[in-house]
Amino acid sequence: MTVKPRVLYWFRTDLRLHDSPGLKAALDLYPEVLYPIWTWDPQYVYNTRVGPNRWQFLIDCQNDLSTNITKLNSKSKLFVLREAPQTVLPKLFKAWRITHLVFEKDTDAYARDRDHEVTNLAKKAGITIICRQGRNLYDPDELVDINGGPTMTIAQVQSAAKKLPAVPRPLPAPLSLPDPGDTSFEIDHSLPEPLLDRNAGYRNSKDSSYMSIAGPNGDFAVPTLKELGITPATTPHRGGESIALKNLADLISDPNYIATFSKPESAPTAFSPQSTTLLSPHLHFGSLSIRKFYWDTEDTIVSFSKRHKGKATVPPTNLTGQLLFRDMYFGAQASLGHKFGRMLDNPKCRFIPWHLPSIYDDKTAYPTKYSIDSVEADIWFKRWQSGTTGFPWIDGLMRQLRTEGWIHHLGRHAVACFLTRGGCYIDWERGAEVFEMWLLDHEVACNAGNWQWLSATAFFSQYFRIYSPITFPAKWDKNGDFVRKYVPELGKYPAKYIYEPWKAPIADQKSWGCVIKGDGLDSDVNGLDIKVYPKPMFDFSERRKICLDAMKKAYSVHIFGDNPEVKDGSWQELFDNEGEGVTKGPVGPGAAVHGSAVGSFTGEITGGDATSISELRPPEDLKLTAGRKRVGGQMKLDGMIQKKRRL
DNA sequence: GTCCCGTTGCAGCC
DNA sequence: GGCTGCAACGGGAC
């Protein structure tokens, strides 16, 4: 007599019912019972840099999926387990007499480690594992095999794709699901190791209910932000398969938009509506299938092309091309693993002696802190993060990112170029950490890849192409509507001064209700009803020149993350910094410290509370690491007096 | 070795 | 809106 399969379907990055190759494989087993589960690991919840907006988006996705599962089977729903998969799954195998564990392939470096461990545990328990690829157009591992290494150009992806099977058509959502079995169980709850709580800045209470495996009511319900003790989300963008499919359908109903889309020509200043699809968060959480996106788009393009010969755009600038870039970054990560997410050991990432370099953990080689080689650079970094650089375009973008969790791709270019090779000369890993915390659509591979691209450390090398925070936005938005929306204190400024308000005469500034003054810490002027917007934190053209020279030098040295000089510190001898030392900070690239040695101070990325635009806090709120205090006209920094720079 | 190209720069000129 | 010079990179095709 054959035993009917009892299946655990483990949802991870596929929070949907449509086009789920994994779910189809599970149903094809004709199981006796099927438990749709999600494991929510407290260790991950506390230790991963994630702001309230992304948690909320995930919770939206889970709630929507749970509702949709119940529609297929009134006894079923998404069973959320609040324990690490590595510990809870073996217990479930036993308690629920499971025969099969089914999940979707995940090539993220950390996910591979986790899945490897889970697979071994399942094997030990005699469980059959079924794993299907549904996260990318092409299986990243196959892409890498065909390419013969990490995919570093879009041409490599396109050429490898030609040799791979066509992208499969999306699968329909199932019409019914088998019953879940008896969900009662008696197992010991494994509490996580002492928690680091990287998101303490977002947490307004220490929850205890969270620490129960099946939730406070024992019903495996999706947790709420309140249960997680996290401040409410501020983003208007909401998650879930239902919303994703509706948004996609709305876009597809405009074939002209779909077929003539060209990313470089889409305005980064557009909001309400934005100029791109804003479907990336759904691709990240899997509430939208990439194959559904691809084929709905491709079919629309083909049909449009028949009617309008030569008018449709093509990859890589068109919509399907955007998906190829996603696969390119996944391919790079699939090949390079953990080291793709950082400079150290990364053979493709150029070494550049940025300010605020990472201090890598000796054991894991992960950056845990950063070295404050230049106090001024740390202040620039915090001002960048908080949207108080004094450059309205940069600040508007960072405030949009912080409150809404999404900014246009070219906006990301602008702020990333500004932080790294085109302004502050700060380590791209600092920027990537902030994006990781705040972006709804944060994808490890795409984030690390794009930051390396923009910092011209990998993928891209024309470092002399620098985005101006003044002329670039003006090209799209002469009137500065974007700035008026996200930097409302400048709302009354005329278009002439909207991107460089410091050039306006003081009397005019006053009459427009906002004076350009200080460094972002000032909140009012003599208690009058006049707002304050900071002076630019540096002379952009001066910094541009300094960065260009420094990049030229770094390119001539030509060493990468896996060069021994990077690890042993002897890279310093290769860089002739002509006196621009560790503590000279204010101008020029600092002689950064990597590996063992540590600068005068160390910093850590912390979350600020995401509030509405009008309530955004100054950079102090983001906990200036070096403990900045106002002392007269000077900044006191843990005993060091740093003369304030004036333009 | 040379040439051409690379999803998304800028300023000045016409 | 399109062109060129800027000072100039790396990889691949030939």
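By convention in this document, chain letters (A, B, ...) are assigned in the order of the sequence lines, proteins followed by strands, and residues within each chain are numbered from 1.
- For A/F340 and A/Y329, the gap between ring centers reaches or exceeds 6.0 Å.
- Closest contact between the side chain of A/H413 and the listed nucleotides C/dG10, B/dT7, B/dT8 involves B/dT8.
- Between the P atom of C/dA7 and the CD atom of A/Q462 lies a distance of 16 Å, rounded to the nearest Å.
- As a whole-Å value, the separation of A/M328 CE from C/dG11 C1' is 14 Å.
- Taking the six-membered ring for Trp and thresholds of 30 and 60 degrees, A/F575 and A/F351 have ring planes more than 60 degrees apart, a perpendicular arrangement.
- The interatomic distance linking A/F464 (CZ) with C/dG5 (P) rounds to 15 Å, in whole Å.
- For A/S461, taking side-chain heavy atoms from C-beta onward, the closest of the listed nucleotides B/dT7, B/dT8, B/dG6 is B/dG6.
- In summary, the aromatic rings of A/Y467 and A/F418 are positioned with their centroids too far apart to meet the 6.0 Å limit.
- Using atom C1' as the reference point in both B/dG6 and C/dA8, the two lie 14 Å apart (nearest Å).
- Between A/Y425 and A/W354, the ring center distance clears the sub-6.0 Å criterion.
- Using a 4.0 Å heavy-atom criterion, one finds that A/R350 contacts the sugar-phosphate atoms exclusively.
- For C/dC9, the OP1/OP2 oxygens have no side-chain nitrogen or oxygen of A/H558 closer than 4.0 Å.
- Rounded to a whole Å, the CZ atom of A/F459 is 14 Å from the P atom of C/dG12.
- Comparing atom distances between the A/F472 side chain and each of B/dG9, B/dT7, B/dG6 picks out B/dG9 as nearest.
- Looking at heavy-atom distances under 4.0 Å, A/W476 makes no contact with the nucleic acid at all.
- Side-chain proximity of A/R465 to the nucleotides C/dC9, B/dG9, B/dT7 is greatest for B/dG9.
- Base pairing in DNA chain B yields stems of at least 3 consecutive Watson-Crick or G-U pairs, both distances under 3.5 Å, namely B:1-6 with C:9-14, B:9-14 with C:1-6.
- When rounded to the nearest whole Å, the span between CD1 of A/I466 and P of B/dA11 equals 11 Å.
- A/Q156 comes within 4.0 angstrom of sugar-phosphate atoms only, judged by non-hydrogen atoms across all strands, and of no base.
- Separation of the P atoms belonging to B/dG1 and C/dA7 is 26 Å when rounded to the nearest angstrom.
- Per the geometry, NZ belonging to A/K552 stands 8 Å off C1' belonging to C/dA7, to the nearest Å.
- Remark: aromatic rings of A/F472 and A/H413 are distant, center separation not under 6.0 Å.
- Heavy atoms of A/H408 sit nowhere under 4.0 angstrom from any nucleic acid atom.
- At a threshold of 4.0 angstrom between heavy atoms, the contacts of A/Q322 include nucleobase atoms, whether or not backbone atoms are also involved.
- C/dA7 atom P lies 12 Å from atom OH of A/Y463, rounded to whole Å.
- Ring to ring, A/Y486 and A/W393 are not that close: their centroids are 6.0 angstrom or more apart.
- Nucleic acid contact for A/L410: base, since at least one base atom lies under 4.0 Å from a heavy atom of the residue.
- Backbone-only contact: A/I154 has heavy atoms under 4.0 Å from sugar-phosphate atoms and none from a base.
- Note: A/F285 and A/F57 have parallel aromatic rings, judged against thresholds of 30 and 60 degrees for the angle between ring planes.
- Separation of the C1' atoms belonging to B/dT7 and C/dG5 is 23 Å when rounded to the nearest angstrom.
- None of A/T107, A/T151, A/D108 except one satisfies the side-chain hydrogen bond (donor to acceptor under 3.5 Å, both in side chains) rule with A/Q333; the exception is A/D108.
- Residue A/Q158 contributes atom CD, which lies 15 Å from atom P of C/dG12 at whole-angstrom precision.
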